[in-house]
Chemist: 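Got a structure for you, questions after.
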Amino acid sequence: VIFRRVLIANRGEIAVRVIRTCRQLGIETVLAASEADLHSVPARLADRTLCIGPPAPAASYLNAEAIVAAAISAGAQAIHPGYGFLSENAVLARRCREANVVFIGPTEEQLVAVGDKLEARRHAIAAGLPVVPGGPVSSAGEARRRAEEIGWPILIKAVGGGGGRGMKQVHDPSQLAETIELAMAEANTAFGDARVYVERFVTSGRHVEVQLLGDGHTIIHLGDRDCSIQRRYQKLIEEAPAPHLSPALRARMHAAAVAFGQHLSYRGAGTVEFLVDTAREEFYFLEMNARIQVEHPVTEAITGVDLVAEQIAIAEGQPLRLAQKRVAFSGHAIECRINAEDYAKDFRPSPGTVTEAIFPAGPGIRVDTHIEPGSRVPPFYDSMIAKIIAHGADRAACLGVLKGALANCHIAGVHTNIGMHAAIVEESSFRRGGVDTSYFARVAAAASG
Amino acid sequence: MNLTNEDVQEILRILDASSFDELQLSTERFKLTLRRSAAGGWTQETRTLAAPGTPVTAVSSTAEDSAAARAVKTVTTNSSISPSTSSLLPAAAASGETPGATVAGLIDVNPPLIGTFYRAPNPGAAPFVEIGSRVGKHTVIGIIETMKLMNSVYAGAEGEIVEILAVNGQLVEQGHVLMRLRPHP
């Protein structure tokens, strides 16, 4: 099949991003938007916008029925789910199949295999990947036995979770019983699945992930990204390639990610996340994200590949258009996530109306956003309003471009974290590169203390 | 179902007789903002949220129509517009008034920021407080969800909850009165 019309079941910058590629490919776009987004930039850019419900995500962007009905009524042959919302939801994929609409993403089986984090762990082990010591637990007693086996501290994770949500650290054995109970209750509320598992909590590690593309038969990688700059498990800055990895370790990680994709006969764009212990030259499988990711532009910057275009080609049933040996890497790229939040006031969310939106432009600078003067930043969705991506011949050049880009970015009407990014870009350990996931909490504490 | 110009005129007549400078009315189908302008008179800003008759609106029309009908009914059954009507927000910040005791002897509880108001910690759980609940300054009376983050709403004063004005799941803004409490001396 060749898609003539694609429905985009998402909002914000990723909706704009998908519309851009569709236009280049000559594909008509239909945006499925909530009432809060009917006058948004993507709604204006799309060839047509359909309202799928009230602002609350549960009534609109998480409503698979309304989304599939919108695709049918608009005559769209495929649905691009973006990231977040229903992008990794097997029910949406099934509804699409039943309605004879193509879901631009992996198969239902693959979504289930990686969506259930314990199932994903089993597949990783079967594919020969190292995993963090741990396993499922259903009671505090069982958790205690596991913890004694794997060593303290431990991390409790929700089986139905992911994206950093539903994780709890336990450092003190006396806190275990109550934390397990709390974690199970929260997992049930957040994911409708009370099951949890425990892993050894690796106190000092880096978060490095490998981008995959697969057509169900052939799997290739598009290199790695370092996403260690995180606040409460939410990524803030990502870069490609991951700095200061030994060539041997990097090659092993790429091979492991491809092996995991091959084990699943993976179809589409996906990312295998690893926890890296650089001191020991070891890495562990964390999870797979079966969707396009927020940070995909850094990979696009260093490979020149349009990942959304590849997603669409794969969904159309074409074999991979790229051979592994044709994937070339050039330079270094860093992305800063601009959020509508007041970082000086404990990162308090800052919804509102944007009065001024001036974005940087120039060589090596890419801005992915859905914001313009007058745009409303609604309180119903997450706080990311733009991504600033800088690309340079090497990391030092990239940092120079990024510094200039941040200095030329002005947003008024809502608070943003632009100033925080500008400070990190000047910070010495970040400039050296290769910091671990505890970095952000450390510098934030130092800045406020 | 949409607001007519006559409706707006009628609301303006009532507002003219009031001390409020701004009114924001939100339903499933439209949003209306009326502002008293500096030069006297009012400005109007209307946004139609869902175009009637679009195919997808029809998909979930039953629920939406009844919700919109309820919202409109709230307005029409209250002959005088008072701050206690759940969808009307007195714009205290805009007029420079502090959102304090709008009813003599009672303390208003306002949300810390704009967001969706929840009365209970999770769906199906008992509400944090009911009318008659005794609260302290740091008693949690509800949750505001803003941009996927949950923020506790504290009573802010010691006393007894005497009015609960905000509805579970409702979008509330900073000047909005969620509850009122009678302070203890």
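Please read these numbers as outputs of a predicted model, since none were measured by experiment. Letters A, B, ... mirror the listed sequences (proteins, then strands); counts begin at 1.
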Chemist: Mind checking the CZ-CE spacing from A:Arg348 to B:Met147? Nearest 0.5 Å is all I need.
Modeler: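 If we round to the nearest 0.5 Å, A:Arg348:CZ and B:Met147:CE are 12.5 Å apart.
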Chemist: Measure the CG-CD distance between B:Asn122 and A:Glu186 for me, rounded to the nearest 0.5 Å.
Modeler: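 Going from the CG atom of B:Asn122 to the CD atom of A:Glu186 covers 9.5 Å.
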Chemist: Count the heavy atoms belonging to other residues, nucleotides or ligands that lie under 6.0 Å from CZ of A:Arg97, then report whether that count exceeds 12.
Modeler: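 Result for CZ/A:Arg97: enclosed.
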Chemist: In terms of heavy-atom proximity below 4.5 Å to chain B, should A:Ser34 be classed as side chain, backbone, both, or neither?
Modeler: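 For A:Ser34, no heavy atom lies under 4.5 Å from chain B.
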Chemist: Going from CZ on A:Phe380 to CD on B:Glu145, what distance comes out if it is rounded to the nearest 0.5 angstrom?
Modeler: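 Between A:Phe380 CZ and B:Glu145 CD, I get 10.0 Å after rounding to 0.5 Å.
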Chemist: Answer with side chain, backbone, both or neither: which region of B:Ile114 has an atom nearer than 4.5 Å to a non-hydrogen atom of chain A?
Modeler: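 Both the backbone and the side chain of B:Ile114 come within 4.5 Å of chain A.
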Chemist: Pick one of side chain, backbone, both or neither for A:Pro57, based on which atoms fall under 4.5 Å of a heavy atom in chain B.
Modeler: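 Neither part; nothing is under 4.5 Å.
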Chemist: Hey, which of B:Thr146, B:Ile144, B:Leu113 is the one that makes side chain to side chain contact (heavy atoms under 4.5 Å, CB included) with A:Pro379?
Modeler: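 That would be B:Thr146.
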Chemist: More than 12 heavy atoms of other residues, nucleotides or ligands under 6.0 Å from CD of A:Glu372: is that the case?
Modeler: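 Yes.
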Chemist: Return yes when atom OH of B:Tyr154 has more than 12 non-hydrogen atoms of other residues, nucleotides or ligands closer than 6.0 Å, and no otherwise.
Modeler: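 No, not enclosed.
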Chemist: Using non-hydrogen atoms and a 4.5 Å limit, figure out which bit of A:Ala340 sits close to chain B: side chain, backbone, both or neither.
Modeler: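 Answer is both: backbone and side chain atoms of A:Ala340 are under 4.5 Å from chain B.
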